[in-house]
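Heads up: the structure comes next, in structure tokens.
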Amino acid sequence: STERKSDKIAWDVFQADGLDAAVNETFSSFGFRVIDSSQVAGRFPGFDVNQFREEFGVGEDLTPETKNAAFNAIAGKIPLLVIATVDVLGSRVDTVDTGAIRVTVSVKAQVYQDDGLFYETVASVAPTQENATGESETAAETDALIKAAKLASTEIVNQLNAQGIQ
């Protein structure tokens, strides 16, 4: 018999400015107000961005306690909360096309809306992979992250608009 064990993965959590800009561009162009998470954390105790980073560094989701603390902190004040992750899956030399570096990323997102009692899920993007090539790993990674951010944020906006959420 064969025994298989799953990998224990620890993620490096980073803030990608280009990623934020791509998401903000999409939401803003469709009339949504975008508030930086650091402003929310600074104004609403219980909305702990550092806890988000810590938990995403060791897993793929937030604990119920962290999510509920965030929801409770902003309830009645901020009607929509988007929680999204983008994972850099790896890089390789693209031998088929140009010999450039190809980077693959995966994006997933959920949007929660305050209904007065709970935050219900009103839009989501399942894990979706995007890739890009570049002359360097950094260039390819940046392009892949921006492509993934635009893809996910556009899908979220489309889902929200289909429900009349603005």
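Note that this is a predicted model, so its numbers are computed, not measured.
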- Single-linkage hydrophobic cluster L62~V49, side-chain heavy atoms < 4.5 angstrom: yes
- Any donor-acceptor pair under 3.5 Å linking the side chain of E137 with the backbone of I101? no
- Task: For the residue pair L160 and F30, establish whether any side-chain heavy-atom pair is separated by less than 4.5 Å.
- Result: no
- Task: Write down the atom of A109, the atom of A84, and the distance for their closest heavy-atom approach.
- Result: CB-CB, 3.6 Å
- Query: Atom OG in S106, atom CG in N131: separation rounded to 0.5 Å?
  - Reply: 11.5 Å
- Message: Same cluster or not: I165 versus V34, using hydrophobic residues (I, L, V, M, F, W, Y) connected whenever any side-chain heavy atoms lie under 4.5 Å apart?
- Response: yes
- Judged by atom type as modelled, is there a donor-acceptor pair below 3.5 Å linking the side chain of S28 to the main-chain atoms of E25? no
- Given the side-chain rings of F47 and F52, with only the six-membered ring counted for Trp, is the space between their centroids under 6.0 Å? yes
- Message: Just so I know, are the side chains of I83 and F56 near enough to count as touching, which here means a heavy-atom distance under 4.5 Å?
- Response: yes
- Can you name the nearest heavy-atom pair linking V23 to S153, along with the distance? CA-OG, 4.1 Å
- Message: Could you measure the distance from the CD atom of Q159 to the OG1 atom of T154? Nearest 0.5 Å is fine.
- Response: 11.5 Å
- Message: Is there a side-chain contact between E60 and K108 in this structure, where contact means two heavy atoms from C-beta onward sitting under 4.5 Å apart?
- Response: yes
- Message: I'd like to know if the side chain of Q110 reaches the main chain of L81, judged simply by a donor and an acceptor atom lying under 3.5 Å from each other, with no hydrogens or angles considered.
- Response: no
- Message: Test your reading of the model: is there a side-chain donor-acceptor pair from D114 to the backbone of G76, 3.5 Å cut-off?
- Response: yes
- Locate the shortest heavy-atom distance separating A73 from G46; write the atom from each residue and the value. CB-C, 3.9 Å
- Give, for atom CG of N24 and atom CZ of F32, the distance between the pair rounded to the nearest 0.5 Å. 13.0 Å
- Task: Working to the nearest 0.5 Å, report the span between CD of E130 and CG of D143.
- Result: 11.5 Å
- Message: To the closest 0.5 Å, what do you measure between NZ (K67) and CG (N72)?
- Response: 13.5 Å
- Task: Give a yes or no on whether V157 and V122 share a hydrophobic cluster (residues Ile, Leu, Val, Met, Phe, Trp, Tyr; joining criterion: side-chain heavy atoms under 4.5 Å apart).
- Result: yes
- Message: Would you say V93 ends up clustered with V88 if hydrophobic residues are merged whenever their side chains have heavy atoms under 4.5 Å apart, either directly or through other cluster members?
- Response: yes
- Message: Give me the atom names and distance for the closest heavy-atom approach of A22 to A149.
- Response: CB-CB, 4.0 Å
- Message: Rounded at 0.5 Å granularity, tell me how far OG1 in T85 sits from CG in D61.
- Response: 8.5 Å
- Would you call the rings of Y119 and F71 parallel, tilted or perpendicular if under 30° counts as parallel and over 60° as perpendicular? parallel
- Query: Pairs in or reaching into residues 147-166: which pass ring pair (Phe, Tyr, Trp, His ring centres under 6.0 Å), with residues at least two apart or in two chains?
  - Reply: none
- Query: Can you tell me if D48 uses its side chain to pair, donor with acceptor, with the backbone of N50 under 3.5 Å?
  - Reply: yes
- Quick one: do the E55 and Q51 side chains pair a donor with an acceptor below 3.5 Å? yes
- Message: Quick check on the hydrophobic clustering: are F118 and L80 connected, directly or via other members, by side-chain heavy-atom contacts under 4.5 Å?
- Response: no
- Item | Any N161 side-chain heavy atom under 4.5 Å of Q166 side chain | yes
